[in-house]
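So that the names make sense, note that chain A is the first sequence line, chain B the second, and so on, each numbered from 1.
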Amino acid sequence: MAAKAAGCPPRQLAEALVQRLPESPAVAKVEIAGPGFINFFMTAESAVSIAGEILQQGEKFGRNDDGQGQKVQVEFVSANPTGPLHVGHGRGAAIGDALCRLLEANGYDVTREFYYNDAGAQIDNLTLSVQARAKGLGPDDESWPEDGYRGEYINDVAEAYLKGETVVADDRGVTGKGAPDDMAAIREFAVAYLRREQDLDLKAFGVEFDVYFLESSLYRDGKVEAAVERLKENGYTYEEGGAMWLRTTEFGDDKDRVMRKQDGGYTYFLPDVAYHLDKWQRGFTTVINEQGADHHSTVTRVRAGLQALNAGIPQGWPDYVLHQMVMVTRSGQEVKISKRAGSYVTLRDLIDEVGRDATRFFLTARRVDSQLTFDIDLARSQTNDNPVYYIQYAHARICSVMRKLAHEHGIQRGYNDVAGDLARLTLDEEKELANQLAKYPELVRNAAANREPHLLTHYLRELAGQFHTYYNSHKALVDDAALRDARLTLYLAVRQVIANGLDLLGISAPEEM
RNA sequence: GCGCCCGUAGCUCAGCUGGAUAGAGCGUUGCCCUCCGGAGGCAAAGGUCAGAGGUUCGAAUCCUCUCGGGCGCGCCA
C-alpha cells in the first residue's frame, strides 16, 4: 500500500524499511519475502508469555472497553405468537444472543428485546383457527377458516381453552373460558398460551430478554396515531383507492406503501415505524435487528418510513443482520418444516434431541448470509466429526490432567495459577499454540464489529485442534517440575480461552464428559 | 420480470475492508494404542475458487454481465 505513495516497488521499499528497524529483544529475526512482505520472527519467549497474561486476566481475557458503555439494542427472534418456535427462530436466537454476548464483551451496554406482534390480522386468524378447533372442526373441513393455521398445536390450545386451564405468561395468568363463541376470550387465551410455549422454548435454549415489547402497546399508547400524524404533517402521505399511502419511493423504495387499509386498519408497516421511532427515542443510537432473510424487504421500508418522520434519524439506521434459511436433515433426508402441515421441527424438538450446546453451536457455525443445513445425525454424534464435542473435549481433557496432577502427584494447582518457567516452552507446537491464543482478543473485536459470531466457532475448532496435536506429541506431566508447570500454564491458558469463547456462544465448558 | 443473498476439494464449509504455495473437518487411502481420557493423533491423494470480461504491480476477494440455487416482490407479518 505504501509503495504507491513512496513511488517505488514494494520489495525495494521493504528493504529500506528493514534497514531502519530498531533492535528488539522480542524479535528474533526479520526477513523480506515475496513481493515485499516483511516477516518478523518473534522469539519463543515473547510469544509464550501470553499464557501468563491469560491466566492473570482469567474470564476477562479477550474482553475490552471499546464500547465505553454505549447503549446498544439488539432485537431478535420476535416470532409471532401464532405457533411454536421453529429452527429458523432458533438460528435467530442463537445468532442474536451470541451477538449480544460479543457486544457486551466489547464494552457495550446491551438490551435484548423481543417484539411481539400481538395485534393485526394474523392474530385474528389465530383466533378463528382456535375457535374452529374448539367447535370440533379440522383443517380439512369445508368450513375451516380460509387461511387458518392447520398445525396440531392449535388443537392443543383449543382443548386447554375448553377445559378452562390457566396459562401464565408475562407474569399474568389467563384462564380459558370454555365458550367457543367468545372471540375476545379465545384471542386472549390463545396469545397467552402460545407465548408461554415460546417462553419455555427460549428458556430451554438459555436465551433471555430484557424487554418484551408488545405491538398492542403501540396502539394503546397512541404511538401509532402519533406516527401517522407526523407523516401526514410532513406531507409524505396521500389517499388513493380508499387507502392511505406513504411515499416511501422518496427514500429509495421501489413503490409506495399502504399504511392504512381500506377497512381502516393499519398494515404491519406502520406499527413497525412507530416501534422504531420509539427505539430511537429510548436513546439507542445503535440498534441491530436480527431477522430471517425472508423479511429483507422490510429493511428499505422501515428505514424509509423513519426518514419520512423527519426525526433526525440517520439514513442507514437501524442495522440489520439477516440470516438465511435453515434446512434440517435426518438420515440424509430433508425434514420439511411447514407450519401449515403437521410435520414441524420445533426448536424444542431439536434441543431435546441434540442438546442445547450442539444446537447453539450448529446454528451459529455458518456465516449468517449463507443457507444452513442442520444435520441432526451429526449434531447428535459424539465423535470427532462433531466439532462441539471436539472443542468441549479439549477443555475436559485439560481439567482431567489437572485432576491427575492433584490425585497422583498430590499437587493442588488453581486454574489461574501461573507457574513454571515459560522460557522452557520452546517447541514449535508451543509457540503456535501461544500465537493462536494471542489472536483471541482481536477476534472478539472483529466478530462483534462485523456481526459475525461464526468466527468464534471456527477459531475454537482450530484452537482445540492445535491443542489435541500438542497434547498427543508431548506430555505435560513430566518429572522436570519447571517444565511441567510451564506446560500446564499453557494448558490452562488454552482452557481459559476455550471457556471464554464458548461462553460468548452460550455453550457450556464441561470439566468432564 | 424486479430486488436481496449464495455458488471455493467427492460432501459440509472457512478465507472475501485485494497481497506470499487458496485452508479445515468429514469421506477415501495408509499408518499410530505397555504412552496425562482413542470422544485422540500422523500422513497421502483430492481445486480451471460457477463462467466471461474489467480495474490493479497483484483478484477467490472490488466492478459489469451470463449461468445455477435460495428468499422476497399482499390493503399478510
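Shown here are the side chain to side chain donor-acceptor pair (under 3.5 Å) partners of A:Thr248, two or more places apart in sequence or in another chain: A:Asp253. Not a single ring-ring contact (aromatic ring centres under 6.0 Å, His included) links A:Tyr268 to another residue, sequence neighbours left out.
Summarising the base pairing, B:rU34 is matched to no nucleotide, lacking a Watson-Crick or G-U wobble pair whose two defining distances lie under 3.5 Å. In this entry B:rG46 has no Watson-Crick or G-U wobble partner, no candidate having both defining distances under 3.5 Å. Nucleotide B:rC73 forms a Watson-Crick or G-U wobble pair with B:rG1, both donor-acceptor distances falling under 3.5 Å. B:rC65: Watson-Crick or G-U partner is B:rG51, with both key distances under 3.5 Å. Both distances falling under 3.5 Å, in either a Watson-Crick or a G-U wobble arrangement, occur for no nucleotide opposite B:rU17. The partner of B:rC26 is B:rG10, judged by Watson-Crick or G-U wobble contacts that both fall below 3.5 Å. With a cut-off of 3.5 Å on both Watson-Crick or G-U wobble distances, the partner of B:rU56 is given as none.
Residue A:Tyr470 contributes atom OH, which lies 16 Å from atom P of B:rC36 at whole-angstrom precision. Distance A:His407 NE2 to B:rC36 P: 17 Å, rounded to the nearest Å. If you measure from atom CG of A:Leu405 to atom P of B:rG37, you get 12 Å, rounded to the nearest angstrom. Straight-line distance from the NE2 atom of A:His323 to the P atom of B:rG72: 12 Å, rounded to whole Å. One interatomic measurement links the two molecules: CG of A:Asn125 to P of B:rG74, which rounds to 19 Å at whole-angstrom precision. Residue A:Asn450 contributes atom CG, which lies 14 Å from atom C1' of B:rU61 at whole-angstrom precision. Between A:Asn472 atom CG and B:rA39 atom C1' there is a gap of 12 Å when expressed in whole angstrom units. One atom, CE of A:Met325, and another, P of B:rC4, lie 17 Å apart when rounded to the nearest Å.
Salt-bridge check for A:Arg187 with A:Asp124: passed, with a basic side-chain N closer than 4.0 Å to an acidic carboxylate O. Salt bridge absent: A:Asp263 and A:Arg260 never bring a charged side-chain N and a carboxylate O closer than 4.0 Å. Classification of A:Lys279 and A:Glu113 as a salt-bridged pair fails, no side-chain N sitting under 4.0 Å from a carboxylate O. Ion pairing between a basic and an acidic side chain is recognised when a charged N comes within 4.0 Å of a carboxylate O; A:Glu442 and A:Lys439 show no such pairing. Under 4.0 Å is where a charged nitrogen must lie from a carboxylate oxygen, and between A:Glu430 and A:Arg487 at least one such pair does.
B:rG74 sits 35 Å from B:rG51 when the P atoms are compared, rounded to a whole Å. For the C1' atoms, the distance linking B:rU61 with B:rA50 amounts to 16 Å, nearest Å. Of the C1' atoms belonging to B:rA22 and B:rA60, the separation is 7 Å, rounded to the nearest Å. For the P atom pair drawn from B:rC16 and B:rG3, the interatomic distance equals 28 Å after rounding to whole Å. Taking atom C1' in both B:rC63 and B:rG69, one finds a spacing of 23 Å when rounded to whole Å. Taking atom C1' on both B:rC5 and B:rA45, the two are 34 Å apart, rounded to the nearest angstrom. Rounded to whole Å, the P atom of B:rG18 lies 29 Å from the corresponding atom of B:rU12. Straight-line distance between the P atoms of B:rG41 and B:rC36: roughly 16 Å, to the nearest whole Å.
Classification of the A:Phe209-A:Phe114 ring pair by plane angle, with boundaries at 30° and 60°, yields perpendicular.
Checking B:rG38, B:rC71, B:rG41 against every side-chain atom of A:His296, the shortest atom distance belongs to B:rC71. Minimum atom distance to the side chain of A:His468 is reached by B:rG41, of the listed B:rA39, B:rG41, B:rG70.
A cation-pi contact, defined as under 6.0 Å to the ring centre and within 45° of the axis, links A:Arg397 to A:Tyr471. Both tests do not hold together for A:Arg356 against A:Phe361: distance to the six-membered ring centre under 6.0 Å, angle to the ring axis within 45°.
The ring pair (Phe, Tyr, Trp, His ring centres under 6.0 Å) test with A:Tyr275 singles out one residue from A:Phe213, A:Tyr219, A:Tyr116, A:Phe269, and that residue is A:Phe213. Checked against A:Arg91 for a side chain to side chain contact (heavy atoms under 4.5 Å, CB included), the options A:Met325, A:Arg360, A:Gln324 give a single hit: A:Gln324.
Within 3.5 Å, no donor on the side chain of A:Tyr471 pairs with an acceptor on the base of B:rC35, nor the reverse.
Within the 4.0 angstrom heavy-atom criterion, no nucleotide atom of any strand lies near A:His409. Note on A:Arg484: nothing from the nucleic acid sits closer than 4.0 angstrom, heavy atoms only. Among the protein residues, A:Glu462 comes within range of no part of the nucleic acid, since none of its heavy atoms lies under 4.0 Å from any strand. Backbone-only contact: A:Thr469 has heavy atoms under 4.0 Å from sugar-phosphate atoms and none from a base.
Across all their heavy atoms, A:Gly148 and A:Asn125 have their closest contact at CA-OD1, 3.4 Å. Scanning both residues, A:Asn64 and A:Asn106, for their nearest heavy atoms gives ND2-OD1, 2.7 Å.
In textbook terms, a nucleotide whose glycosidic angle is within 90° of 0 is syn, and B:rC33 is one such case.
Among residues at least two apart or in separate chains, salt bridge (Lys or Arg N to Asp or Glu O under 4.0 Å) pairs with a member in residues 458-480 of chain A are A:Arg424-A:Asp480.
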Could you write out each protein N or O paired with an N or O of nucleotides 6-14 of chain B at a distance under 3.5 Å?
unit_1	atom_1	unit_2	atom_2	d
B:rC6	OP1	A:Arg367	NH2	3.2
B:rU12	O2'	A:Arg366	NH2	2.9
B:rC13	O5'	A:Arg366	NE	3.4
B:rC13	O2'	A:Arg366	NH1	3.3
B:rA14	OP1	A:Arg367	N	2.8

Review item, nucleotides 75-77 of chain B N/O atoms under 3.5 Å of protein N/O:
unit_1	atom_1	unit_2	atom_2	d
B:rC75	O2	A:Gln262	N	2.7
B:rC75	N4	A:Gly241	O	3.4
B:rC76	OP2	A:Lys261	NZ	2.9
B:rA77	OP2	A:Tyr268	N	2.7
B:rA77	O3'	A:Asn117	ND2	2.6
B:rA77	O2'	A:Asn80	OD1	3.2
B:rA77	O2'	A:Asn80	ND2	3.1
B:rA77	N6	A:Tyr268	OH	3.2
B:rA77	N3	A:His295	NE2	3.4

Close N/O contacts between protein and nucleotides 21-31 of chain B (under 3.5 Å):
unit_1	atom_1	unit_2	atom_2	d
B:rC26	OP1	A:Asn384	ND2	3.4

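In terms of position along RNA chain B, the nucleotide closest to A:Leu322 lies nearer the 5' end than the nucleotide closest to the other residue of the pair A:Tyr393 and A:Leu322. RNA chain B is contacted by both A:Glu452 and A:Lys404; A:Glu452 maps to the nucleotide lying nearer its 5′ end (nearest heavy atom per residue).
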